[in-house]
Amino acid sequence: QVQLVESGGGLVQAGGSLRLSCAASGNIFSINAMGWYRQAPGKQRELVTTITRGGSTNYADSVKGRFTISRDNAKNTVYLQMNSLKPEDTAVYYCNADILERVWPQANVNYWGQGTQVTVSS
């Protein structure tokens, strides 16, 4: 069993910055890809960014140049640095991770965090 817990959300003015964290805990053998998704009211959940265990990253076009994903494998934690925030970035941000658990039989399991609210005022 694994849990993902996000933190760092809040209210920020347009142009400001915010840093989100997501810590995985539980019976973890290894963590493969991790990522951040977001969902605004009335909209579908969308991919924001992903990062592989080796550090390769992908970003949605809407956040390129403004957001940066990083991870600390020793801490089982992924971060999202958000700069130059815009009102359209307002959403609930969800952490996601593909995890190989320390159980038998072993298999990759995809986990989601509970979400953290990010609100950007104009």
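Computed from a predicted model, the values in this text were never measured in an experiment. Throughout, residue positions are numbered sequentially from 1 according to the sequence presented. Values below: all heavy atoms of this structure, side chains included; hydrogens, waters and symmetry mates excluded.
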Hey, what do you get for [atom1] ([X]) to [atom2] ([Y]), rounding to the nearest 0.5 Å?
X   : Y   : atom1 : atom2 : value
S30 : N73 : OG    : CG    : 9.5 Å
W36 : T50 : CH2   : OG1   : 13.5 Å
T90 : L11 : OG1   : CG    : 8.5 Å
L18 : L85 : CG    : CG    : 6.5 Å
F67 : T57 : CZ    : OG1   : 14.0 Å
Q81 : S21 : CD    : OG    : 9.5 Å

Strictly distance-based, threshold 3.5 Å: is any side-chain N or O of [X] a donor or acceptor partner for the main-chain N or O of [Y]?
X    : Y    : value
R71  : T77  : no
Y59  : I69  : yes
T52  : A33  : no
T116 : Y93  : no
E6   : Q114 : yes

Nearest heavy atoms of [X] and [Y], plus distance in Å:
X    : Y    : value
I31  : A97  : CG2-CB, 4.2 Å
Q117 : V92  : OE1-CG2, 3.2 Å
S70  : R19  : OG-NH2, 4.3 Å
S17  : N83  : OG-OD1, 2.9 Å
V118 : M82  : CG2-CE, 3.9 Å
A14  : S122 : CB-CA, 4.4 Å

Can you find a pair of side-chain heavy atoms, one from [X] and one from [Y], that are under 4.5 Å apart?
X    : Y    : value
R38  : L80  : no
F29  : N108 : no
V109 : E101 : yes
V78  : C95  : yes

Inset, instruction - Go through the steps for Y79 and T68 under the test side-chain contact (heavy atoms from CB on, under 4.5 Å), then give the verdict. - result: CA-CA 8 Å; Y79 307 93; T68 302; over 6 Å; no
Inset, instruction - Would you please name every residue forming a ring-ring contact (aromatic ring centres under 6.0 Å, His included) with Y37, sequence neighbours left out? - result: W112
Inset, instruction - Among N32, N27, L4, find the residue that satisfies the side-chain contact (heavy atoms from CB on, under 4.5 Å) test when tested with I99. - result: L4
Inset, instruction - Go through D61 and K64 one step at a time and tell me if the salt bridge (charged side-chain N to carboxylate O under 4.0 Å, His left out) criterion holds. - result: CA-CA 5 Å; D61 289 340; K64 285 181 179 177; 3.0 Å; yes
Inset, instruction - Identify whether V63 and M34 are in the same connected component of the hydrophobic contact network (ILVMFWY, side-chain heavy atoms under 4.5 Å). - result: yes
